[in-house]
Amino acid sequence: MPDLHTRTDTGAARDEQRYDPHRIEEKWSARWQQQPELFRAEPFDSPRPKYYVLEMLPYPSGALHMGHVRNYSIGDALARHMWMKGYNVLHPMGWDAFGLPAENAAIKAKTPPKQWTLSNIAHMKAQMKRLGFAYDWSKEVTTCLPDYYRWNQWFFLKMYERGLAYRKKSRVNWCPECATVLANEQVVNGCCWRHTETPVQQRDLEQWFLRITDYAQELLDDLDRLSGWPEKVRTMQRNWIGRSEGALIDFKIDGAAWQGSDTISVFTTRIDTIFGATSIQLAPEHPTLANLIGNNPELHARVDELMAEQRRAKEAGDVGEIEKHGMFTGRYAINPFNGEKLPIWVANYVLMDYGTGAIMSVPAHDERDYEFAKKYGLEIRIVILPRRQGEPPQAGEEDTALLPYTGTDSLLINSGPYSELSCEEAMKRMAQDAERGGFGKAAVTYRLKDWGISRQRYWGAPIPMLYCDHCGIVPVPEKDLPVILPENVDITLSGGSPLGKVKEWVNTTCPTCGGSARRETDTMDTFVDSSWYFYRYTDPTLETAPVAPKTIGYWFEIDQYIGGVEHAILHLIYSRFWTKVMRDLGLIANSEPVARLFTQGMVLKDGAAMSKSRGNVVSPDEIVARYGADTARVYILFAAPPDRDLDWSDSAIEGVHRFLGRVHRFIAQNPVQRIGTAYCVQQLSPEARRVLRKLHQTIKRISDDFAGRWHFNTSVAALMELLNELTAYPEIFACASRKAAPSALVAEIQRTFVLLLAPFAPYLAHELWEMLGETSNLLRESWPEYDTALAKEEELEIVVQINGKIRDRLVVSAHSSEEELRKLALAAPKVQATLDGRQLLRAIVVPGKLVNIVVR
RNA sequence: GCCCGGGUGGCGAAACUGGCAGACGCACGGGACUUAAAAUCCCGGGCCCCGAAAGGGGCGUGCGGGUUCGAUUCCCGCCCCGGGCACCA
């Protein structure tokens with residue numbers, strides 16, 4: 001039984017070795033606050049190669065959630081790793097601080113949006129610091145401050161000058177809950193993206209638009225070059241841009257006797273089927289309709305009905321499902337290819353906002369037209385020879401069971417001079433002939449629409465435009481920027497733009513004529529803010545321009561961007577557009593903002609996204625309070641590969657905490673100072689060699705994870721395995737009996753372990769680094785290199801199979817030749833027993849793995 | 001309907017180019033230390049069958065086929081879950 005004295009000693013030693021994350025993390029957190037330069041990027045003349053790693057900036061909604069923690073833990077691990085790899089790393093953070101959520105929350109909390117937002121930022125910034133993310137806070141960007149949004153306004157003026165920003169009356173998506181307009185991108189299944197239960201309505205308003213469609217083709221083409229982007233995201237953007245090739249064809253209206261257009265232009269991707277057109281279908285909103293039906297109240301009422309059906313479907317989000325209805329207008333149009341008179345109809349399945357809002361209806365060769373023609377008894381005329389898959393076209397009795405036949409792998413019939421041409425050939429010739437004849441041409445349309453950026457809301461960047469009674473629309477002169485968003489504004493939801501009520505702000509003088517003018521009272525969509533913030537990070541306080549050319553030229557493109565896949569379309573396509581505009585303004589040289597994109601999986605709770613309304617939000621604060629930041633960070637990386645969705649459960653977090661505790665103890669109980677004497681690998685004991693081998697294998701695994709798939713869950717697992725191996729040989733590391741290995745080896749192992757741990761658990765790594773007697777900045781230490789020779793196993797266990805079934809295992813030298821392995825395997829007693837009386841066909845040897853003996 | 005992911009023990013997952021399925025961890029069971037507990041450490045483990053045990057046999061990566069000496073991995077056909085697009089002419 002130990003005496004009291006001894007027991008006290010042991011207890012004290014144990015206390016010292018106990019892992020106390022709060023003491024460690026507070027200590028290092030305080031140091032990092034005092035030395036912010038530790039995480040600061042060096043200027044563009046740094047001798048180190050640059051690396052720009054960026055995580056998507058958050059909304060300052062109030063507090064961080066686990067999705068943020070995941071995003072930033074991935075980015076921070078990478079940033080720290082790249083620092084250690086010798087790069088000059090830019091790793092900034094900022095705040096997407098304008099926007100509806102902030103404003104709505106401010107209304108509820110009865111605090112001005114600015115105050116509410118800034119206090120949220122302060123809180124979330126403190127959370128980030130507590131979590132130990134290595135951000136260069138000297139680069140911080142806050143989009144709701146005039147220093148930043150003045151450049152939004154500046155960009156807007158430049159775009160206006162170039163005709164890229166324009167104003168037009170348009171039917172817009174209106175969310176009654178937000179009391180504002182939504183971009184097409186913000187409408188999800190016919191509902192507001194923020195109020196997923198609230199159907200979006202349609203209204204006509206004067207809006208500002210950015211001409212993103214001017215860049216549609218380039219946005220599409222450049223996707224092919226973004227090889228560092230997930231294919232999924234590129235496909236989503238391709239679909240969103242929605243390019244389709246076809247032709248525009250003008251149909252003359254028979255007996256048109258009114259002013260203006262006497263033709264109906266249709267867009268088709270199947271001009272080769274035009275001899276099969278048996279009607280023209282117009283969208284209920286088509287502008288020519290008024291002329292066609294005159295003032296016949298009955299027809300007007302019917303059109304209104306069709307329009308209403310379509311709108312209701314749009315609002316309900318099931319545009320694809322509504323029953324097709326239509327109405328004959330009583331008028332006809334002339335098919336320019338054969339002079340035939342086609343009845344003009346109105347149909348609820350034709351959309352005004354795609355193509356020209358009019359189609360030629362070819363029932364035999366289009367699903368929708370077929371359905372419609374069947375319903376209304378319109379003629380169905382076959383002009384493409386229907387064929388079954390894999391069979392040649394059968395001329396003669398056309399098989400109507402194959403209708404509608406929409407394939408393009410056949411021949412034309414009943415098509416005048418084009419009969420017997422292939423579809424492909426016919427499309428080419430017909431488009432040419434249409435152009436020659438002056439009634440059409442080949443054309444391309446896009447699904448992508450211009451970007452409506454006007455918002456009837458308060459908390460956003462004011463659009464820098466004026467309305468003068470005398471001069472009309474007048475841009476605010478550049479020297480008058482920024483147009484400051486006034487404070488103390490009533491932002492209740494009583495409709496219209498809140499800024500319109502601030503008379504002293506709205507009323508101003510016209511810079512052109514000096515007369516009275518009114519300011520634009522709409523503000524910009526917040527996606528404008530996030531479309532270029534990553535450029536501003538490089539020089540956030542610059543007062544003379546949005547960006548500094550040299551600095552931008554050095555840092556761009558962004559080497560690695562990390563964020564949620566939910567931004568695959570909106571944010572990332574706007575950012576790409578903005579980049580191209582900035583390039584055309586001569587501000588930057590790059591055409592794309594992001595070289596490599598990583599889309600992390602979502603953090604779910606019970607299979608659903610975490611959200612305040614669901615009440616299933618897990619706060620990182622509780623985890624940090626209980627286990628410390630390192631545990632929280634390592635756990636979220638360990639729980640699943642970063643690209644996969646993660647259903648949050650903290651059941652396994654104890655294990656990670658235990659692991660960090662064991663790491664702490666492993667070093668704390670016997671930190672070995674680095675000393676001069678080297679060791680000779682050949683003279684090491686087999687145990688010591690084994691430990692060294694595992695060390696090098698671990699370096700390789702973790703380095704490979706960083707260079708490849710970022711499966712940091714396996715990196716953490718590798719560290720756990722290494723620790724298990726190290727603690728399996730206490731005689732190597734114990735103070736008293738360290739004859740099993742030289743101190744230099746122990747010192748090397750301990751240091752390397754800390755370096756490998758540093759990207760994942762920075763607090764603990766720094767503490768242990770200091771404990772090892774090191775005073776250098778851990779982040780500037782070199783990432784460990786592995787030695788292939790040292791990592792190689794000396795002995796291997798190989799499997800002996802008979803007909804693919806495992807029958808034995810052999811431990812052999814790693815240098816064994818194929819022939820040796822074959823002999824050893826055949827000689828194994830178990831193999832001999834099984835082989836008895838059977839015919840040996842062959843033996844397949846896979847060096848280092850197995851021998852498979854094939855018998856009959 | 002079309003286009004992407006994914007489906008492996010009680011759970012999170014691993015196996016990266018066809019070669020020992022289940023590394024690592026959680027939870028669980030047993031043990032050590034302790035007056036006791038906590039903490040810590042050690043051992044066990046896919047499922048089923050035979051056996052007191054040592055050991056042995058069979059089945060197993062959503063389902064059904066195929067290729068191969070050998071398939072979680074490749075091919076064909078399905079099922080289920082998640083995401084994106086969808087009268088786009």
Side-chain angles (χ1 to χ4, degrees), chain A residues 14 18 188 230-240 242-244 246 266-270 273 281 283 310 313 317-324 347-351 353-362 365-369 371-372 445-447 565-566 568-569 599 601-602 604 607 635 638-641 643-656 658-659 661-662 665 701 704-705 708-709 711 713-724 727 730 797-806 809 841-855:
Chain A
R14 229 180 244 158
R18 234 190 66 211
V188 179
E231 191 49 52
K232 178 190 168 98
V233 172
R234 293 196 280 168
T235 305
M236 283 165 76
Q237 291 210 356
R238 259 181 220 115
N239 291 341
W240 193 261
R243 179 193 152 98
S244 74
V266 308
F267 176 74
T268 175
T269 54
R270 290 301 302 275
T273 64
Q281 304 286 344
Q310 195 175 69
D318 58 354
V319 185
E321 330 262 288
I322 60 168
E323 206 185 327
K324 290 176 179 48
N348 65 355
Y349 71 95
V350 179
L351 306 171
D353 57 6
Y354 184 79
T356 60
I359 62 167
M360 62 179 204
S361 176
V362 185
H365 306 295
D366 181 280
E367 308 262 359
R368 296 152 300 178
D369 296 343
E371 188 189 333
F372 192 85
T445 61
Y446 298 91
R447 205 189 78 104
V565 72
E566 65 273 19
I569 297 175
T599 50
M602 287 203 290
L604 310 170
Y635 175 64
F638 180 62
D643 50 356
R644 201 184 290 186
D645 285 351
L646 166 61
D647 203 340
W648 178 263
S649 144
D650 49 16
S651 66
I653 201 164
E654 293 275 358
V656 167
R658 272 200 285 269
F659 163 66
R662 290 177 63 213
R665 198 165 353 112
R701 279 179 67 182
D704 287 352
D705 277 333
R709 299 186 302 166
H711 281 194
N713 53 330
T714 61
S715 301
V716 175
L719 284 171
M720 288 172 170
E721 279 184 57
L722 175 60
L723 184 69
N724 289 346
T727 51
E797 189 185 72
I798 67 154
V799 166
V800 182
Q801 298 180 331
I802 292 172
N803 290 346
K805 293 216 182 273
I806 296 166
R809 290 157 200 277
L841 293 180
R842 57 176 160 147
I844 289 149
V845 181
V846 184
K849 302 270 187 191
L850 56 70
V851 178
N852 187 14
I853 296 162
V854 187
V855 298

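Values below: all heavy atoms of this structure, side chains included; hydrogens, waters and symmetry mates excluded. Below, read A as the first sequence line, B as the second, and so on, with proteins coming before strands; counting in each chain starts at 1.
Panel note: side chain A/N852, backbone A/V846; no donor-acceptor pair is recorded below 3.5 Å. Between the A/N803 side chain and the A/V855 main chain, a donor and an acceptor come within less than 3.5 Å of each other. Judged purely by atom type and a 3.5 angstrom limit, A/N713 has no side-chain atom pairing as donor or acceptor with the backbone of A/A640. A/Q310 contributes a side-chain N or O that, together with a main-chain N or O of A/V350, makes up a donor-acceptor pair within less than 3.5 Å.
Taking the six-membered ring where tryptophan is involved, the planes of A/W648 and A/Y635 are perpendicular, since the angle between them exceeds 60° and thus also 30°.
Atom-to-atom, CG of A/D705 to P of B/C24 comes out at 16 Å; the value is rounded to the nearest Å. Between the C1' atom of B/G19 and the CG atom of A/N803 lies a distance of 15 Å, rounded to the nearest Å. Atom CG in A/L604 sits roughly 13 Å away from atom C1' in B/C81 (whole-Å rounding). Going from atom CG of A/D369 over to atom P of B/C88 covers 10 Å, rounded to whole Å. In this structure, A/N239 atom CG and B/C4 atom C1' are separated by 10 Å, rounded to whole Å. Remark: P of B/A15 and CG of A/L850 are 19 Å apart, rounded to the nearest angstrom. Rounded to a whole Å, the CG atom of A/D645 is 14 Å from the C1' atom of B/G7. We find that CE of A/M602 is positioned 8 Å from C1' of B/G83, with the value rounded to whole Å.
Going from the C1' atom of B/G25 to that of B/G45 covers 15 Å, rounded to whole Å. Spacing between B/C75 and B/U67 at atom P, rounded to whole Å, works out to 16 Å. Distance noted for atom C1' between B/C69 and B/C20: 16 Å (whole Å). Between B/G82 and B/C87, the distance separating the two C1' atoms is 26 Å to the nearest Å. Comparing B/G51 with B/U40, their C1' atoms sit 37 Å apart, to the nearest whole Å. Taking the C1' atom of each, B/A38 and B/A52 are spaced 38 Å apart, rounded to whole Å. Rounded to whole Å, the C1' atom of B/G56 lies 30 Å from the corresponding atom of B/U73. Nucleotides B/G5 and B/G9 place their C1' atoms 24 Å apart, quoted to the nearest Å.
Distances were taken from every side-chain heavy atom of A/F267 (C-beta onward) to each of B/A14, B/G19, B/A89; the shortest belongs to B/A89. Distance from the side chain of A/R662 is smallest to B/C41 among B/C41, B/A89, B/C85. Listed candidates were B/C16, B/C20, B/A89. Nearest to the side chain of A/E797 is B/C20. Comparing B/C3, B/C87, B/C41 against the side chain of A/Y349 picks out B/C87 as the nearest. The A/R709 side chain lies nearest to B/C16 when the options are B/C16, B/G84, B/G19. When each of B/A13, B/G25, B/G12 is scored by its nearest atom to the side-chain atoms of A/N713, the top-ranked nucleotide is B/A13. Which of B/C26, B/A89, B/C24 sits closest to the side chain of A/Y354 comes down to B/A89. Distances from the side chain of A/K232 to the nucleotides B/G83, B/G25, B/A27 place B/G83 closest. Closest to the side chain of A/T268, from the set B/C16, B/C41, B/A89, is B/A89.
The residue A/A717 sits close to a base: some heavy atom pair falls under 4.0 Å. A/D647 comes within 4.0 angstrom of no nucleic acid atom, judged by non-hydrogen atoms across all strands. Contacts of A/Q801 with the nucleic acid, taken as non-hydrogen atoms under 4.0 Å apart, include base atoms. Residue contacts shown for A/R809 include a base, since a base heavy atom lies under 4.0 Å away. Residue-level contact check: A/V350 touches the bases, meaning some heavy atom is under 4.0 Å from a base atom. Using a 4.0 Å heavy-atom distance criterion, A/E231 is classed as making no nucleic acid contact. Base engagement by A/I844 is indicated by at least one non-hydrogen atom pair under 4.0 Å involving a base atom. Nucleic acid contact for A/V799: base, since at least one base atom lies under 4.0 Å from a heavy atom of the residue. Residue-level contact check: A/F638 touches the bases, meaning some heavy atom is under 4.0 Å from a base atom.
Of the nucleotides present, none pairs with B/G9 by Watson-Crick or G-U wobble criteria with both distances under 3.5 Å. The base-pairing partner of B/C59, taking Watson-Crick or G-U wobble contacts with both distances under 3.5 Å, is B/G46. Judged by Watson-Crick or G-U wobble contacts below 3.5 Å, the nucleotide B/A32 has B/U40 as its partner. The partner of B/G1 is B/C85, by the rule that a Watson-Crick or G-U pair needs both atom distances under 3.5 Å. Pair assignment for B/C74: B/G66, on the basis of Watson-Crick or G-U wobble contacts that are both within less than 3.5 Å.
Closest-nucleotide positions on RNA chain B for A/I653 and A/R701 were compared, and the one nearer the 5' end corresponds to A/R701. Looking at which nucleotide of RNA chain B each of A/R644 and A/A652 is closest to, the 5′-most match is held by A/R644.
Look at A/R243 and you won't find any side-chain N or O under 4.0 angstrom from OP1 or OP2 of B/C88. Residue A/R658 places at least one side-chain N or O under 4.0 Å from the OP1 or OP2 atom of B/C26. When the side-chain nitrogen and oxygen atoms of A/R368 are compared with OP1 and OP2 of B/A89, none of them lie within a distance under 4.0 Å. At least one side-chain nitrogen or oxygen of A/S244 sits closer than 4.0 Å to the OP1 or OP2 atom of B/A89. An OP1 or OP2 oxygen of B/G19 is reached within less than 4.0 angstrom by no side-chain nitrogen or oxygen of A/N852. An OP1 or OP2 oxygen of B/G25 is reached within less than 4.0 angstrom by a side-chain nitrogen or oxygen of A/N724. Listed pair A/R234 / B/C3 fails the phosphate criterion, with no side-chain N or O lying under 4.0 Å from OP1 or OP2. Phosphate contact (OP1/OP2 of B/G60, side-chain N/O of A/K805, threshold under 4.0 Å): absent.
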Run the numbers on A/I359 and A/D369 for side-chain contact (heavy atoms from CB on, under 4.5 Å), then give the verdict.
CA-CA 10 Å; A/I359 62 167; A/D369 296 343; 3.8 Å; yes
Applying side-chain contact (heavy atoms from CB on, under 4.5 Å) to A/R665 and A/T727, what does each step give before you reach the verdict?
CA-CA 10 Å; A/R665 198 165 353 112; A/T727 51; over 6 Å; no
With side-chain contact (heavy atoms from CB on, under 4.5 Å) as the criterion, how do A/V362 and A/R270 come out once you've worked through the C-alpha distance, each side chain's angles and the decisive distance to 0.1 Å?
CA-CA 9 Å; A/V362 185; A/R270 290 301 302 275; over 6 Å; no
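Under the 6.0 Å distance and 45° angle rule, A/K324 counts as a cation-pi partner of A/Y349.
With hydrogens and angles left out, the side chain of A/K324 and the base of B/C87 share a donor-acceptor pair within 3.5 Å.
In terms of heavy atoms, A/M602 sits closest to A/D645 at N-OD1, 2.7 Å.
Anti is the conformation of B/G64, whose glycosidic angle sits further than 90° from 0.
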